[in-house]
Amino acid sequence: MIPPVLPTYNRAPIAFARGQGSWLEATDGRRFLDLGAGIAVNALGHAAPELVATLTEQAAKLWHVSNVYTIPEQERLAALLVEQTFADTVFFTNSGTETAELAIKMARKFHYENGQPERTAFIAFEGAFHGRSTGAIALAGSEKMVKGYGPLMEGFQQLPWNDLDAIRAAITPETCAVILEPIQGEGGIRPFPDAVLKEIRALCDQTGTLLILDEVQSGMGRTGRFFAHELSGITPDIMMVAKGIGGGFPLGAVLATEAAAKGMTAGSHGSTYGGNPLACAVGARVTEIIADPAFLAEVSRKGALLRQGLESLIARHPAIFTEVRGEGLMLGLKCIPAPGDVVNAGYRAGLLTVAAADNVLRILPALNIPDQDIAEALSRLDQVATDLAAA
Ligand SMILES: *Cc1c(COP(=O)(O)O)cnc(C)c1O
């Protein structure tokens, strides 16, 4: 019999009652150190006091009004994001996949307005993840995501990851945009090399192709920069943001240059909830905290500390772990056992991690994880490796 909750997830039999910082307490009393942060969402940890204060203050004033009115909280968050990034303008959504929808629409509209309506084709990459809407699954194109859901939206092509020759050959007069995650998340924490990102940016400039960066997972301080593309020195025309921006409150954003957004006039797009006062009040607090250079420097320092510990873990357990990759606190540990088995061993050790493709275990803790919790996490990972080696 089908359960009341549609069974689209293979859920672990753990339910949580409360959280504090990097720790979660299950309904049966067990305590877990959280290196998944709701998949890079709880950027400031669980029940962060600053966010609880902002949320409750705003909740007592105003939750929701329609986007047919002026929303000062939304204007304030947009101004903060514009001030801190390449972007001139922002649209707010409730999730990552909605940002993919708008990115696709905005890019096509740009060329349409430019008198090149034939430029509708998107170039994406194998291993990509842009969400679960019909547009986002067509973009990523993996069999796992699209099987049974056809006919898919047309105009999307997936190239081998990180293959510059393939990109050069694929851009045609019909190309609308190239879309990529600077560091693939679900794909297994795979960073595009800086030189490749620079070359893609140059190819886009030469051909009038838009560059869309999906920073839903890599953004909001995760890599020690406000956004991951800052590491390579390039900027996108359109950028997708979600996950960390609400610190756990559902919120997403599409950031764009004035030029790329030129077709998006009144009536061209919308959302009932997107950018409501409650979400934007919380998002603004998260953004103020994370965009602070001193906070970002701490993310880098903590990332280096964690990475160093993971390197020595690999040295001690070469039959279990083989490689660490990523940036800041967006780290991937390549495993010899199936990452799902490592995640399960983690549960036994009171540790939460997330599996990804390419046999990678994702480590995405709260960006403000205390150093002592990093040490505890490394000790529990050591226990996990010992446990798996004995199995
Ligand atoms: C999680 C994710 C998405 C989708 O976000 P949802 O909020 O689940 O719709 C899109 N792109 C990337 C890179 C992601 O990690």
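All values derive from a computational prediction rather than experimental measurement. In listed order, ligands and their atoms are each counted from 1.
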Which of the atoms of ligand 1 are close to [X], meaning less than 4.0 Å from one of its heavy atoms?
X    : answer
H130 : 10 (C), 11 (N)
D214 : 10 (C), 11 (N), 12 (C), 13 (C)
K243 : 1 (C), 2 (C), 3 (C), 14 (C), 15 (O)
F129 : 1 (C), 2 (C), 3 (C), 4 (C), 10 (C), 11 (N), 12 (C), 13 (C), 14 (C)

Answer yes or no: does an N/O atom from [X] fall short of 3.5 Å to an N/O atom of ligand 1?
X    : value
A242 : no
E98  : no
E181 : no
E186 : no
M240 : no
T97  : yes

Contact summary for E186 and Q217, nearest pair of heavy atoms =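 Scanning both residues completely, I find the closest heavy atoms to be OE2-NE2, 3.3 Å.
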hydrophobic_cluster_shared for F32 and I39, side chain cutoff 4.5 Å =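 No, no single cluster joins them.
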Under 4.5 Å between side-chain heavy atoms, hopping through other hydrophobics if needed: is there a path connecting M239 to V254?
-> no
Does atom 7 (O) of ligand 1 have a protein non-hydrogen atom under 4.0 Å from it?
->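 It does: a protein heavy atom is found less than 4.0 Å away from atom 7 (O) of ligand 1.
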Report the nearest protein non-hydrogen atom to atom 5 (O) of ligand 1: residue, atom name, distance rounded to 0.1 Å.
-> G96 CA, 3.2 Å
What do you reckon, are the aromatic ring centroids of F125 and F192 less than 6.0 Å apart?
-> yes
Could you grab the distance from atom OG of S232 to atom CG of L213, nearest 0.5 Å is fine?
-> 8.0 Å
Flag side-chain contact, heavy atom, 4.5 Å: D371 against L305 |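 When only atoms from C-beta onward are counted, L305 and D371 do touch, with a gap below 4.5 Å.
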Answer yes or no: does atom CD of E113 have more than 12 heavy-atom neighbours from other residues, nucleotides or ligands under 6.0 Å?
-> yes
Is it the case that R108 places NZ or CZ above or below the six-membered ring of F156, under 6.0 angstrom from the centre and within 45 degrees of the axis?
-> yes
